[in-house]
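Report on the following structure.
Counting starts at 1 for both ligands and their atoms, in listed order.
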Amino acid sequence: MSILVVGSVAFDSIETPAGKRERCLGGAATYFSLAASYFTQVRVIAVVGEDFTAEQEAVLTSRGVDTRGIEHASGKSFHWTGSYLKNLNEAQTLKTELNVFERFTPQIPADYRDSEFLFLANIDPSLQEQVRRQMTAVRMVCGDTMNYWISGHAKNLARVLESLDTLLINDGEAKLLGGDPNLLCAARKILSMGPKSLVVKHGEYGATAFFGQRSAIGNGGAIAPFRSPALPLAEIVDPTGAGDSFAGGFFGHLASQPAVTLKAFREAMFYGGVMGSFAVERFGTDRLQSLTRAEIDQRFSLFREMSHLE
Ligand code: AMP
């Protein structure tokens, strides 16, 4: 089943305890697409500037990602500058240059319209909404956002939240959005804003899913929260894109299954953790470009072993 994703395709300048990189290929939609490409067909909607090269686009196409929906505009590509020197679990944004994203009107190619799964990756919520409105027949919609949009674009974000099946955000964002320092209380508040389920990512501590009353997963009864692990790693080279890679593994697995059941949802959380753990092993998208499905499945088995209770 195909996934359509809208989000940033960008250049990232990153500083971590392991070193520094200037203008490497990044962006939420880039990480998401690469991770999901190991599970299913992915189509991207984004905009890049004149500084985006054919070689950079080939990073996506060589993984089979359909990039016909990436518009090439005059001007510079989105550029994000971030640091993990203070906290490896949470990026400190130093600069956000939207550039060509400031004047972007998403156009969905006719060939993309039959996509059954839609992922609204981290980008201006008004762009997420424009794409959501054009994709009326999708089976499942997941979305992401971040502090930048929660604090400054709350009204637009509220409209996006109403149309989501699942929201995936990190725990700092969940507490900010839910307006409560307690995660469970924040989750309940968020579920009352529209999403039928919520996946909260805790960086190196795994992820937790919360399900609302309207969740179509399960048999109609209340579903208890579900916690999935993260892999303890000796070295984290670059946490950038871990959240988007989690989302790619999560949604990629769901889209590859015959039905979105509670079992598939829980497995998807594990695959999310697997893809996040690979992403942080090297700078930028390096590790995600060179994986094999066998490596992914091997790590999935490790995740199962790690959390199995006899
Ligand atoms: P994460 O998976 O949360 O680490 O996301 C990292 C990616 O998000 C980076 O590659 C950035 O290019 C991208 N990013 C950062 N800020 C924004 C923003 N305001 N809008 C869209 N994408 C962003």
- Item | Atoms in ligand 1 with a heavy atom of T240 nearer than 4.0 Å | 4 (O), 6 (C), 9 (C), 10 (O)

- Is there a donor in the side chain of N122 and an acceptor in the side chain of W149, or the other way round, less than 3.5 Å apart? yes

- Query: Which protein non-hydrogen atom lies closest to atom 15 (C) of ligand 1, naming both residue and atom, and how far is it?
  - Reply: W80 CD1, 3.3 Å

Would you list the atom pairs, donor with acceptor, under 3.5 Å between side chains in residues 3-19 and any protein atom, with sequence neighbours excluded?
{"unit_1": "S8", "atom_1": "OG", "unit_2": "A28", "atom_2": "N", "d": "2.9"}
{"unit_1": "S13", "atom_1": "OG", "unit_2": "E22", "atom_2": "OE1", "d": "3.4"}
{"unit_1": "S13", "atom_1": "OG", "unit_2": "R23", "atom_2": "N", "d": "3.1"}
{"unit_1": "S13", "atom_1": "OG", "unit_2": "H79", "atom_2": "NE2", "d": "2.8"}
{"unit_1": "T16", "atom_1": "OG1", "unit_2": "A18", "atom_2": "N", "d": "3.0"}
{"unit_1": "T16", "atom_1": "OG1", "unit_2": "V237", "atom_2": "O", "d": "2.7"}

- Query: Considering only the protein, which heavy-atom contact is closest to atom 12 (O) of ligand 1, and what is its distance?
  - Reply: D12 OD1, 2.6 Å

- Close approach, F246 and ligand 1, non-hydrogen under 4.0 angstrom: no

- Looking at E90 and K175, does any basic side-chain N land under 4.0 Å from a carboxylate oxygen? no

- Item | N or O contact, G26 vs ligand 1, cut-off under 3.5 Å | no

- Is there a chain of hydrophobic side chains (I, L, V, M, F, W, Y, each step under 4.5 Å between heavy atoms) that links L94 to Y84? no

- Task: Under the side-chain contact (heavy atoms from CB on, under 4.5 Å) rule, collect the residues that match up with K86, sequence neighbours excluded.
- Result: Q92

- Are any of the N/O atoms in A10 less than 3.5 Å from those in ligand 1? no

- N/O to N/O below 3.5 Å, does that happen between S8 and ligand 1? yes

- Go through the side-chain N and O atoms of Q56 and T53 and say whether any donor and acceptor fall under 3.5 Å apart. yes

- Task: Indicate yes or no: at least one non-hydrogen side-chain atom of E173 is less than 4.5 angstrom from one of T145.
- Result: no

- Compare Y84, W149, Y31 and give the one whose heavy atom is closest to atom 20 (N) of ligand 1. W149

- Is there at least one pair of N or O atoms, one from M146 and one from ligand 1, spaced under 3.5 Å apart? no

- Query: Any non-hydrogen atom of F11 lying under 4.0 Å from ligand 1?
  - Reply: no

- Name the closest protein heavy atom to atom 21 (C) of ligand 1, giving the residue it belongs to and the distance to 0.1 Å. N122 O, 3.0 Å

- Message: Using a strict threshold of under 4.0 Å (side-chain N to carboxylate O), is an ion pair present between R287 and D238?
- Response: no

- Task: With heavy atoms under 4.0 Å as the rule, classify the contact between S245 and ligand 1 as side chain, backbone, both or neither.
- Result: neither

- Query: Judged by non-hydrogen atoms, does A91 sit under 4.0 Å from ligand 1?
  - Reply: no

- Using a 4.5 Å cut-off on heavy atoms from C-beta on, say whether the side chain of I190 contacts that of V200. no

- Message: Within the 4.5 Å heavy-atom criterion, are L191 and Q213 side-chain neighbours or not?
- Response: no

- Distance to 0.1 Å, residue and atom name: give those for the protein heavy atom nearest to atom 4 (O) of ligand 1. G241 N, 2.8 Å

- Item | Nitrogen or oxygen atoms of Y148 and ligand 1 under 3.5 Å apart | no

- Query: Given side chains that start at C-beta, do those of T40 and F251 come closer than 4.5 Å, heavy atoms only?
  - Reply: no

- ligand 1 atoms nearer than 4.0 angstrom to some heavy atom of G243 are 2 (O)

- Among all protein heavy atoms, pick out the one at the shortest distance from atom 5 (O) of ligand 1; state its residue, atom name and that distance to 0.1 Å. D244 OD2, 2.8 Å

